[in-house]
Amino acid sequence: MGERRYRVAIVGGAGMWGKHYLKAAADHDMVDPILVDSSPRREEFAGNLGVTEIYEGLDDLLAKDTPDVVCNVLPVGIAHELVVRCAEAGVRVISCEKPIAVELSTADYMVETCRQHGAAFGCATAHWEVPFLRETAAWIADGNIGEVTSVAIPGGLPVEVSGAGCVQLTQMRGVTGCEVEWVEGGTLPPLSGYRAPEADDLTMDCPAYGRLGLTNGIVCEVLEPRSERRVSCRVSVTGTKGKVFMQSQGNVYIVGTGAGATPVWPDFVQGERRRSMASRLQCLLEAVDSGATEVPCSGHDYRQALEIAIAIKLSAAAGNQRVTLPLADRSHRILPHPYRRLGGDVAGYESIGYDGPPKAEGHS
Ligand SMILES: NC(=O)c1ccc[n+]([C@@H]2O[C@H](COP(=O)([O-])OP(=O)(O)OC[C@H]3O[C@@H](n4cnc5c(N)ncnc54)[C@H](O)[C@@H]3O)[C@@H](O)[C@H]2O)c1
């Protein structure tokens, strides 16, 4: 029998973030990569990585073939349409980027359509942007820091409650294994240039903080962001016998209390740290093999993150009043920065601080 090969399409693979997905696919020994991108950059991006199958639009590809995996690395305003089209075409494993959608009902529709069609649906890379998230969750669940007593996002959500905040909210849910039952939120004025022109005070994306009531009865404190102090720790978990700080530079694990508290290195941190793109791709390939109906770091996870972000905004607008989840009204929305909604080719790459369009890269 020949070696198993996977056909993986990267839609938006000539974009700023999609180029990393394209490279991970092109670098993988068992993947036949396909580039789908509407920009004229696609020929050069594909050529540099030896990718030979190239399409301008997803429909051109789906008319010919159903790949094993489709990664939609697209502006948020259009990603949902392509996710749904993949599910309807019978693609087994589908991913998109973050935030999952503008409107909560759209996120619901994406998750439900994938489920109905038996597609495993993943979203973005939060689980790999801090090291060993799942191993750390299991280590905490094994009682290594005793009983969990508090959880925090110590730097708050300093830029966008949805656009970037969805990553920390997903990490917090991932490491605790808890859902959020209620929210008490506050917001700060939007950062310069981040307010979508069409957004009102309720729908604009902005920095945020608050308290999140988790299903295990614990409260996650999301501290008020302070501009003079960027905090590297994304999420911390405190127990009766220790504490964990999760951060991209390397997690800190402390066991013991008072004068006996000391840093420790759980066995799994000796292993190789898995970086976001290759790990995300591997996780999607494993879902093809296992027939899983959901992939870790899922569309469901990011739908929950959007719902929490919206609840924070609703609570802030109501004077920090407690808002319970799930939200009954699914028409609420958070309008992201125009770059996130429309993409660099429409909103301008400079609009979010890049020097210009992405540049093609070769193999490592
Ligand atoms: N840039 C980052 O650092 C970063 C980090 C994390 C997540 N993300 C997320 O990744 C997604 C994409 O962001 P980006 O920065 O790569 O944007 P981008 O505008 O650079 O990339 C989007 C790409 O999609 C292509 N495209 C647009 N419409 C298309 C269509 N209908 N069919 C095929 N191709 C199409 C564009 O030509 C472009 O190459 C967003 O959800 C964003 O929030 C970006």
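We count ligands from 1, going down the list as the structure has it; atoms in each ligand are counted the same way. What you see is a predicted model; the values in this text were computed from it and never measured. These numbers come from the heavy atoms of this one structure, side chains and all, not from hydrogens, waters or symmetry mates.
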Exercise for the section: Considering only Ile, Leu, Val, Met, Phe, Trp and Tyr, and joining two whenever side-chain heavy atoms are under 4.5 Å apart, list the other residues clustered with V346. Expected result: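 Other cluster members: L342.
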Sequence neighbours excluded and cut-off under 3.5 Å, please list the side-chain donor-acceptor pairs for residues 40-51, or say none.
unit_1 : atom_1 : unit_2 : atom_2 : d
R41    : NE     : A14    : O      : 2.8
R41    : NE     : S39    : OG     : 3.4
R41    : NH1    : D345   : OD1    : 2.9
R41    : NH2    : A14    : O      : 3.1
R41    : NH2    : D345   : OD2    : 3.1
R41    : NH2    : Y349   : OH     : 3.3
R42    : NH1    : D37    : O      : 3.1
R42    : NH1    : S39    : O      : 3.0

Handout entry: Inter-residue atom distance H300.NE2 - I100.CD1, 0.5 Å rounding
Key =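 Nearest 0.5 Å value for the NE2-CD1 distance: 10.0 Å.
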Problem - D201/R195 salt bridge by N-O under 4.0 Å criterion - result: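 Here R195 pairs with D201 in a salt bridge, since their nearest N and O are under 4.0 Å apart.
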Handout entry: Sole candidate of K23, K19, H20 that passes side-chain hydrogen bond (donor to acceptor under 3.5 Å, both in side chains) when paired with E361
Key =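 Only match with E361 under side-chain hydrogen bond (donor to acceptor under 3.5 Å, both in side chains): K19.
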Exercise for the section: Please list, by chain and number, the protein residues whose heavy atoms come under 4.0 Å of ligand 1. Expected result: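 Within the 4.0 Å shell of ligand 1, which is judged on heavy atoms, sit V11, G12, A14, G15, M16, W17, G18, D37, S38, S39, R41, E56, V73, L74, P75, V76, I78, E97, K98, Y339, R340, G343, G344, D345, Y349, Y354.
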Problem - Within residues 146-199 or reaching into it, pairs that qualify as ring-ring contact (aromatic ring centres under 6.0 Å, His included) - sequence neighbours excluded - result: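 Listed once each, the pairs are Y194-H337.
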